[in-house]
Amino acid sequence: MTTSPDRRHLLVSALAGAVALCAAPVMASEGKKDAKEAGAASVQLGAIAIPITENGKLSNYIFLNVRINLTIKADEAKLREKEPYFRDALVRVSSKVSFGQPGKDYLLDEPRFKQVMMAEWTKITGPGMIKSIDVLAQNPKRHPL
């Protein structure tokens, strides 16, 4: 029994369609996984040095890498363009407020840093645009002895 070319083509097409239907849910779940791994919308600030003062005198610098996590309603592309404004606000505030832990000029006081900078950066983004702030790295210029 020989199969005509049209019938073979029809069988191959049906088989390919069945394979595609089986693979579609797998591909869809992988797409969701990739979106989660890629992370939510954010603006990342590269290494930026902030001064740490004690009793009004400069005692150290801490180099920070910070990520500003945005809410769903935030326009990520627009806010990424404002990255220089976020950096400028951080430098301005840290020259007035020392974010070092009391007695430990080599460690960042993260809760205070996040509280103060959330308020400052919200002035740039508008209310309801920042979900959270992550300090990705903090490296002091001078380490404790």
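Here the side chain of Asn65 pairs no donor or acceptor atom with the backbone of Leu136 at under 3.5 angstrom. Side-chain atoms of Arg112 come within 3.5 Å of backbone N or O of Gly100 as a donor-acceptor pair. A donor-acceptor pair under 3.5 Å is formed between the side chain of Trp121 and the backbone N or O of Phe86. Side-chain N or O atoms of Thr71 include none that pairs as donor or acceptor with a backbone N or O of Ile130 at under 3.5 Å.
Note on Ile124: it clusters hydrophobically with Met118, by side-chain heavy-atom contacts below 4.5 Å among ILVMFWY residues. A continuous path of ILVMFWY side-chain contacts below 4.5 Å connects Val97 to Leu45, so both sit in one hydrophobic cluster. Note on Tyr85 and Val93: same hydrophobic cluster, where clusters join Ile, Leu, Val, Met, Phe, Trp and Tyr whose side-chain heavy atoms are under 4.5 Å apart, directly or indirectly. Note on Val116: it clusters hydrophobically with Val43, by side-chain heavy-atom contacts below 4.5 Å among ILVMFWY residues. The hydrophobic cluster containing Val91 also contains Ile68, counting ILVMFWY residues as joined when their side-chain heavy atoms lie under 4.5 angstrom apart, directly or transitively.
You'll find the side chain of Asp134 stays beyond 4.5 Å of the side chain of Val66, heavy atoms only.
For Glu110, the side chain to side chain contact (heavy atoms under 4.5 Å, CB included) partners are Leu108, Lys114, Val135, Gln138, not counting sequence neighbours. Among residues two or more places apart in sequence or in another chain, the salt bridge (Lys or Arg N to Asp or Glu O under 4.0 Å) test is passed with Glu76 by Arg80. Looking at residues two or more places apart in sequence or on another chain, you find a salt bridge (Lys or Arg N to Asp or Glu O under 4.0 Å) between Lys123 and Glu120. For the salt bridge (Lys or Arg N to Asp or Glu O under 4.0 Å) test, no residue two or more places apart in sequence or in another chain qualifies with Asp75.
Shortest non-hydrogen contact noted between Phe99 and Met117 is CZ-SD, 4.2 Å. Scanning all heavy atoms of the two residues, the minimum distance from Glu83 to Gln44 falls at CG-O, 4.0 Å. Across Pro84 and Glu81, no two heavy atoms sit closer than the pair CD-O, 3.5 Å.
Between the CD1 atom of Ile62 and the CD atom of Gln101 there is a distance of 8.0 Å, given to the nearest 0.5 Å. Summarising the geometry, atom CG belonging to Asp105 is positioned 8.5 Å from atom CG belonging to Leu107; distances are rounded to the nearest 0.5 Å.
Sorted by first and then second residue, the side-chain hydrogen bond (donor to acceptor under 3.5 Å, both in side chains) pairs involving residues 124-133 (not counting sequence neighbours) are Asn69-Ser132.
When the shell of 6.0 Å around CZ of Arg92 is examined, it contains 12 or fewer heavy atoms from other residues, nucleotides or ligands. Within 6.0 Å of CZ in Phe63 there are more than 12 heavy atoms belonging to other residues, nucleotides or ligands.
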Under 3.5 Å, side-chain donor or acceptor atoms of residues 47-58 against the rest of the protein: list the pairs with distances, not counting sequence neighbours.
none

